[in-house]
Amino acid sequence: MKSQLYMQKLFLLLLGFVTMSAAAQKRFSCGPQKIDTAFLLSMVKLERNPGYTLTNTTRMVKVFIHILCDDDGGAQAITMDQAKTEFASLVADYAGNNLCFFLGGIDTIHSNHLNNAFEVEFDDPSDFDPYQVPSCVNVFYVLKIVGNNNSCNPPCGYGGIALGGIPGTFCLVDNDNVGQHSIAHEVGHCLGLSHTFAAINGKECINGSNSLTAGDLIADTHADPFSFDGSSCYSETSNGCSYTGHCQDPCGATNYSPPYTNLMSYWPACSTQFFTAGQFTRVNNTVDNYIPIVACASPSTLTQNAVSVSSGFLIRAAINSFSTNGTVTITASAVASFGGTEAVFTPGFRAAPSGLGSTTGKVTGCN
């Protein structure tokens, strides 16, 4: 495969991000995911500490996208161009935060089972482990996520799932949810965000009195009546744009004002979607404190010292300056990706990939 090398100092300033509106149809819902409640409550405690201040610094998380297809190469979940568009959507949806993303790469995985037969309720999430790239949030695009999703009739499977948990390092997105901002939604789960209608330790009161101990454990996301979906008190307009039910919250109120504009809600049909300031704070604190995600974060500057890699993955990126030092050799089937706002490849850097190997050097950055 082609080796893309920049053998000189390169600079690039990213100028602006385009805010992208949500698609005009309702995406399929997520599958059931495990929640690390203890970690999330520890973040609530941290954020409520009177002496707490979120460090005002840029953070960059490395992401790797996997495209599933069948054993014979057919039934590819998405195209390479779609994968790049999905990544651009992810970047844009988080542009209001001190967080950006580095695309470590895109590969293709041949597996009938993972592409269209993986059953959320029965199969083992570790089936995806052999394909995960270390120190990256791994996003798998599949043709179908099989599951008992009763929000459609007959059960139609799921649109996405943070299979690694909340928080966690990998998620799936269904082919039907491409273009639905599901990548931002599922990566949000990976970075510590629950649904706005979550009922962690119980449902949230409309007045917010228990917002830090129940619901999604974030104070500035409105109580979401979608937590009552399936109950007789719950109803919404036919186009899915408005709640029309009469469900009662734990404090006895019924005057819900749903978070129609939130990316972690199930109300994307008629509103542009955003994250709240509290959600951005939680994401940043997850990047800073959840060890598996800490490993996915890039430093401000990074020097890759002498190394020889002939297989596996080597994904290295810096928010500002990346450089190599000494003999850095990438050969055979190794997949390597390097980048930063400034990328410097010094004498001694050599890339000679073969077969499925590749080496990419790119100028990218947050600032």
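Here, residue 1 is the first one in the sequence, and each next residue gets the next number. Quantities reported herein were computed from a predicted structural model and do not represent experimental measurements.
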Engineer: Please determine, by modelled atom types, if T196 and N262 share a side-chain donor-acceptor pair under 3.5 angstrom.
Structural biologist: no

Engineer: Give every residue pair that meets the salt bridge (Lys or Arg N to Asp or Glu O under 4.0 Å) criterion with at least one member in residues 187-203, sequence neighbours excluded.
Structural biologist: none

Engineer: List the residues meeting ring-ring contact (aromatic ring centres under 6.0 Å, His included) with F87, not counting sequence neighbours, and say none if there are none.
Structural biologist: none

Engineer: Does F102 have any ring-ring contact (aromatic ring centres under 6.0 Å, His included) partners at least two apart in sequence or in another chain, and if so, which?
Structural biologist: none

Engineer: Kindly say whether T57 contributes a backbone atom to a donor-acceptor pair with the side chain of T55 at under 3.5 angstrom?
Structural biologist: no

Engineer: For a quick check under 3.5 Å, do N320 and S300 share a side-chain donor-acceptor pair by atom type?
Structural biologist: yes

Engineer: Return each pair, listed once, that meets salt bridge (Lys or Arg N to Asp or Glu O under 4.0 Å) where at least one residue sits in residues 50-63; pairs must be two or more places apart or across chains.
Structural biologist: R59-D288

Engineer: Going by the salt bridge (Lys or Arg N to Asp or Glu O under 4.0 Å) test, which pairs reach into residues 323-335, not counting sequence neighbours?
Structural biologist: none

Engineer: Residues in ring-ring contact (aromatic ring centres under 6.0 Å, His included) with Y131, at least two apart?
Structural biologist: none

Engineer: Going by the disulfide (SG to SG under 2.5 Å) test, which pairs reach into residues 187-216, not counting sequence neighbours?
Structural biologist: C205-C251

Engineer: What residues, two or more places apart in sequence or in another chain, satisfy side-chain hydrogen bond (donor to acceptor under 3.5 Å, both in side chains) together with D107?
Structural biologist: H66

Engineer: Can you list the residues that meet the salt bridge (charged side-chain N to carboxylate O under 4.0 Å, His left out) rule with R316, with sequence neighbours excluded?
Structural biologist: none

Engineer: Please list, chain by chain and in numerical order, all residues satisfying ring-ring contact (aromatic ring centres under 6.0 Å, His included) with F101, sequence neighbours excluded.
Structural biologist: Y94

Engineer: Write out all pairs satisfying ring pair (Phe, Tyr, Trp, His ring centres under 6.0 Å) with one or both partners inside residues 318-341, taking only residues at least two apart or from two chains.
Structural biologist: F322-F338, F322-F345, F338-F349

Engineer: I need the full list of salt bridge (Lys or Arg N to Asp or Glu O under 4.0 Å) pairs touching residues 68-84, with sequence neighbours left out, sorted by first then second residue.
Structural biologist: none

Engineer: Does the plane of the ring in F197 sit parallel, tilted or perpendicular to the ring in H195? Use 30° and 60° as the thresholds.
Structural biologist: parallel

